[in-house]
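Naming convention: chains lettered A, B, ... in sequence-line order (proteins, then strands); numbering from 1 in each chain.
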Amino acid sequence: MNELMGARELCGRPVVTLGGDAVAQLRDTVFDGPAGRVTGFTLSGRGLLAGPLRKSLPWAAVHALGRDAVMIRGQEVLVEPSAVVARKEAAHGQVLGARVLTDAGTEIGVVLDVVVEGGRSGRVVGFRINARQSLVMGSRRRRRKVFVPRGETLAVSGRALVVPADAVRFVADDLAGFAARVEAFRARGGAAPDGLEKGPSA
Amino acid sequence: MTSYAQARGLPVVTLGDAREIGELTSLALDAVAGRLTHVLVSGRGRKETAVAWDALHAVGPDAVLVEPDFRPESVPPGPRHEALGSRVLSEDGAEHGAVQDLVFDPSTGRIETVVTTLGEVRGDRLLGLGDFALVVRAD
């Protein structure tokens, strides 16, 4: 698996062409919640005082999302903001701060950040959540920030999102450890992912 | 093989009349082609001029010799061509230090190796050089 990153830390990352020119920096990450992937990014100009840029970056045009920069083939791949932003309100705006429920009906916490896979996949692999005590047995602290993987299907509706109940057995304390937990979660045997037949209710 | 660090500061001399036209200040890189295209020369009190690689007779340890009929050009405009000190980015978006030196074939200008603060990168991995970074193919 490629390096994992929190979407919030992507803000300000430079957008660089394969020709070596920095043409923008990331402003906001836009998600397709139900599909569990990054739709694209809104952009701002380079530099501290730069305002929003009237261009956006659709995921299809990303050459690679890297630790230090987002690489694109050339400036011509940037598009009108409407192509990416249309979904912004529907997805990103409601993921942060949303309650996380298991499909067994337990609330396990509140979303602090969305974890995406770097490289070319653009997949949302999980969430950083402020976990409730029930999730962290034996912990003396009331709340704790942990990473929890998402299910195969991701139901995001209103102010809540639903993950499989067994996802809570695959939480991690940091991003470095999270990659292995996500792999283990995906490789867990047997049952088909919950909610696959039913699908998220509209 | 010669390196940028060795070539910088060498006197640039014409082959025919041994006239010193100045001192080598920098080398222009075409990263897409993977080769150096010009030698930039500054003489005393004169503007920096460029000598195309084809017009070079030899890049030696102590001097750069140019063909007698060379035509000084103005410094190549447009895309950035100075690689030294530039940040190095791989095409997967990870930084790999900064360019310290370029090792090149003096007869063709072809880049053999880019020496970075974090190690060496083969010259055939260069993808582009811009205002932000020298971009190299992932290995």
Side-chain angles (χ1 to χ4, degrees), chain A residues 1-7 9-26 29 38 40-41 43-48 50 53 57-78 116-123 175-176 179, chain B residues 4 26-38 75-102 104 111 113-119 121-139:
Chain A
M1 186 184 300
N2 285 309
E3 193 170 346
L4 301 183
M5 332 177 167
E9 77 185 63
L10 298 181
C11 185
R13 199 160 292 191
V15 178
V16 182
T17 67
L18 291 182
D21 290 319
V23 295
Q25 61 186 31
L26 297 187
T29 307
V38 175
F41 303 95
L43 305 174
S44 48
R46 295 265 301 140
L48 274 178
L53 204 64
L57 174 59
W59 181 266
V62 171
H63 183 78
L65 170 60
R67 163 159 45 86
D68 302 302
V70 186
M71 307 303 292
I72 60 174
R73 205 174 53 252
Q75 192 156 13
E76 69 282 357
V77 304
L78 302 183
V116 301
E117 183 183 8
R120 294 175 196 244
S121 87
R123 264 187 314 180
L175 270 183
Chain B
Y4 195 151
S26 71
L27 299 170
L29 171 68
D30 178 345
V32 175
R35 56 185 294 266
L36 299 167
T37 60
H38 292 81
V75 175
R80 203 186 127 97
H81 47 74
E82 173 59 85
L84 233 56
S86 174
R87 177 191 286 107
V88 179
L89 262 186
S90 74
E91 63 171 324
D92 54 18
E95 276 188 34
H96 288 284
V99 177
Q100 276 187 324
D101 202 0
L102 299 172
F104 59 92
I111 302 295
T113 311
V114 178
V115 182
T116 80
T117 47
L118 294 180
V121 174
R122 276 201 332 273
D124 58 6
R125 285 175 54 197
L126 303 190
L127 286 176
L129 174 64
D131 60 13
F132 188 77
L134 175 67
V135 180
V136 302
R137 212 182 306 274
D139 58 356

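Shortest non-hydrogen contact noted between B/E91 and A/M71 is O-CG, 3.2 Å. Across all non-hydrogen atoms, the minimal contact from B/A94 to A/R67 is CB-NH2, 3.4 Å.
Within a 6.0 Å sphere centred on CD of A/E9, other residues, nucleotides and ligands contribute more than 12 heavy atoms.
Ranked by heavy-atom pairs under 4.5 Å with chain A, the list B/A138, B/A133, B/G93, B/A31 is led by B/G93.
Partner B/F132 forms a side-chain contact (heavy atoms from CB on, under 4.5 Å) with one of A/V23, A/V16, A/D21, A/T17 and no other, that one being A/V16.
Judged as a side-chain hydrogen bond (donor to acceptor under 3.5 Å, both in side chains), and not counting sequence neighbours, the contacts of B/S90 are B/D92.
For a residue to count as touching a neighbouring chain, one of its non-hydrogen atoms must lie under 4.5 Å from one of that chain's; by this rule B/L134 does not touch chain A.
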